[in-house]
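Let me begin by presenting the structure, written as structure tokens, before commenting on it.
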There are 2 protein chains.
Amino acid sequence: MSTLTLDRIDRKILHELMHDATLPVAQLAERVGLSQTPCWKRVQKLEAAGIITRRVALVDPEKIGIGLMVFVEIEATDHSPEWRAEFRRVVPRFTEIVEVYRMAGDIDYLLKVAVSDMSAFDEFYLELTRALPCRNITSKFVMETVQTTTALPIDVATA
Amino acid sequence: MSTLTLDRIDRKILHELMHDATLPVAQLAERVGLSQTPCWKRVQKLEAAGIITRRVALVDPEKIGIGLMVFVEIEATDHSPEWRAEFRRVVPRFTEIVEVYRMAGDIDYLLKVAVSDMSAFDEFYLELTRALPCRNITSKFVMETVQTTTALPIDVATA
DNA sequence: TGTGAAATTACCCAGGG
DNA sequence: CCCTGGGTAATTTCACA
């Protein structure tokens, strides 16, 4: 799949765009030490290669009524492909589930769930456990979001 | 401050922009049933009100060498303000830490950590535990990211 | 809100180092 | 693979009705 070697300039571009995608190409070019055209071409390439997957607006959860975030740890009843398939069938039905990870260790799946409040979570919880048989479910409630970023760490220092 | 009541159109705008911020105002306007200018003004207002916090590019972790995601659960040595202050002082020093939550229950803090591989994580782990005294730290390793979205659930159906 | 026009910006050609 | 410089189309931005 083409060259996956990102040089320092590519990493700088990603670093900038992961923090602020409104940056005009002209300014981006200046920051990474390039002129417009080659900079723009690199951005196109990064998008075509699927390295930049999308550009999105981030929204303050509280301001749109998302008052509660919960991490839900799930243990499967058994470790069969059937259970996993069922799990994957059920998950998309819940818009509250924003992230899903298959884990190593005791916990089989970890969900990040965004709801308005505790009663909404309870409703979600009851529906989920009705739709999906689990050996065990543990909910861990977020009291405060101390930090959150979509910008992944990327080394812009070394060549 | 100001009006925090988002009507159906505002919620539709947010819904669209949380999924794709490249959408031109003209098309966005069409989708939410408005003409350009009022739609644009609403977007401006949503930004001014801090509801839209930023616009960013999302990047495929694997393609930039982030091969391992880990959730790190931390129990404080004690529950003093001093420990929390120290915690907050230490966290920003680690670029690998992308999310930090203060939790209810046994776990005091939950971190989401992005690193290249297990040896990088081990290095991070050793440094973190050296910088921060903890009663207990438990690392839970992500095997597979099943789903991940930055788009929060928002009701676009009801008025 | 809507219409229209100006300022920015994205996009995409050349030719040359 | 970089730069300069141009040109067009698209978009944002902001007059004003």
Side-chain angles (χ1 to χ4, degrees), chain A residues 1-60 63-64 150-151 154-159, chain B residues 1-60 63-65 150-151 154 156-159:
Chain A
M1 309 287 208
S2 79
T3 167
L4 275 174
T5 25
L6 302 170
D7 64 12
R8 195 167 109 92
I9 295 178
D10 284 325
R11 294 199 303 272
K12 271 182 163 179
I13 290 173
L14 291 173
H15 179 78
E16 294 295 336
L17 258 27
M18 284 193 288
H19 288 277
D20 181 11
T22 66
L23 204 64
V25 188
Q27 287 183 49
L28 178 62
E30 194 184 5
R31 289 198 195 178
V32 303
L34 235 54
S35 74
Q36 264 202 46
T37 307
C39 180
W40 178 80
K41 280 184 183 166
R42 277 172 185 258
V43 174
Q44 295 305 103
K45 197 178 265 180
L46 290 167
E47 277 170 351
I51 294 171
I52 293 175
T53 54
R54 57 202 331 180
R55 288 152 182 268
V56 299
L58 301 182
V59 167
D60 185 333
K63 295 209 170 117
I64 61 166
T150 55
I154 192 165
D155 185 14
V156 293
T158 54
Chain B
M1 304 300 132
S2 81
T3 167
L4 275 174
T5 27
L6 302 170
D7 64 11
R8 196 167 109 91
I9 295 179
D10 284 326
R11 294 199 302 272
K12 271 181 162 180
I13 290 174
L14 291 173
H15 179 79
E16 295 296 335
L17 258 27
M18 283 194 290
H19 288 277
D20 180 12
T22 66
L23 203 64
V25 186
Q27 286 182 49
L28 178 62
E30 193 184 5
R31 290 198 195 179
V32 303
L34 237 54
S35 77
Q36 264 205 43
T37 308
C39 179
W40 180 77
K41 280 183 182 166
R42 277 174 186 256
V43 174
Q44 295 304 103
K45 198 178 266 181
L46 290 167
E47 278 170 351
I51 294 170
I52 294 175
T53 54
R54 57 203 330 178
R55 288 151 180 269
V56 299
L58 300 182
V59 167
D60 185 333
K63 294 207 169 117
I64 61 166
T150 55
I154 192 165
V156 293
T158 54

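Excluded from the calculations below are hydrogen atoms, water molecules and symmetry mates; all remaining heavy atoms, backbone and side chain alike, are included.
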Check: Which residues pass the side-chain hydrogen bond (donor to acceptor under 3.5 Å, both in side chains) test with A:Gln36, sequence neighbours left out?
Finding: none
Next item on the list: Under the side-chain hydrogen bond (donor to acceptor under 3.5 Å, both in side chains) rule, collect the residues that match up with A:Glu16, sequence neighbours excluded.
Entry: A:Arg31
Next item on the list: Among A:Ile13, A:Asp155, A:Leu46, find the one that has a side-chain contact (heavy atoms from CB on, under 4.5 Å) with A:Leu6.
Entry: A:Leu46
Notebook entry, point to check: Of all nucleotides in DNA chain D with an atom under 4.0 Å from a non-hydrogen atom of chain B, which is the first and which the last going 5' to 3'?
Noted result: D:dT11 to D:dC14
Next item on the list: Locate the shortest heavy-atom distance separating A:Met18 from A:Ile154; write the atom from each residue and the value.
Entry: CE-CG2, 4.0 Å
Check: Which ones in residues 14-22 of chain A lie close to DNA chain C, meaning a heavy atom under 4.0 Å from one of its atoms?
Finding: none
Checklist line | Close approaches to DNA chain D from residues 29-38 of chain B, in residue order (heavy atom, under 4.0 Å) | finding: B:Gln36, B:Thr37
Please report, to 0.1 Å, the donor-acceptor pairs under 3.5 Å made by any side chain of residues 21-30 of chain A, with sequence neighbours excluded.
unit_1, atom_1, unit_2, atom_2, d
A:Thr22, OG1, A:Asp20, OD1, 2.6
A:Thr22, OG1, A:Asp20, OD2, 3.3

Next item on the list: Any pair with a residue in residues 22-49 of chain B that passes ring pair (Phe, Tyr, Trp, His ring centres under 6.0 Å), sequence neighbours left out, goes on the list, sorted by first then second residue, please.
Entry: none
Next item on the list: Please collect all ring pair (Phe, Tyr, Trp, His ring centres under 6.0 Å) contacts where either partner lies in residues 8-30 of chain B, sequence neighbours excluded, each pair once.
Entry: B:His15-B:His19
Next item on the list: Mind checking side-chain contact (heavy atoms from CB on, under 4.5 Å) for B:Thr53 and listing every partner two or more places apart, or none if nothing turns up?
Entry: A:Leu58, A:Asp60
Notebook entry, point to check: Is the shortest heavy-atom distance from the side chain of B:Val56 to the side chain of A:Leu17 under 4.5 Å?
Noted result: no
Note to self: Checking A:Arg55 against A:Glu47 for the side-chain contact (heavy atoms from CB on, under 4.5 Å) test, could you report, in this order, the C-alpha distance in whole Å, the side-chain angles of both residues, the deciding distance, and whether it holds?
What the structure shows: CA-CA 10 Å; A:Arg55 288 152 182 268; A:Glu47 277 170 351; 2.9 Å; yes
Item checked: chain A footprint on DNA chain C, 5' to 3' - any atom under 4.0 Å from a heavy atom -> C:dA10 to C:dC13
Next item on the list: Measure the angle between the two terminal helix axes of the helix from C:dT1-D:dA17 to C:dG17-D:dC1, five base pairs each, and quote it to 10°.
Entry: 20°
Next item on the list: For B:Lys41, answer base if it contacts any base atom (sugar-phosphate contacts may also be present), sugar-phosphate if it contacts only those atoms, and nothing otherwise; contact means non-hydrogen atoms under 4.0 Å.
Entry: base
Check: Which pairs pass salt bridge (charged side-chain N to carboxylate O under 4.0 Å, His left out) with one or both residues in residues 5-15 of chain A, sequence neighbours excluded?
Finding: A:Asp7-A:Arg42, A:Asp10-A:Arg42
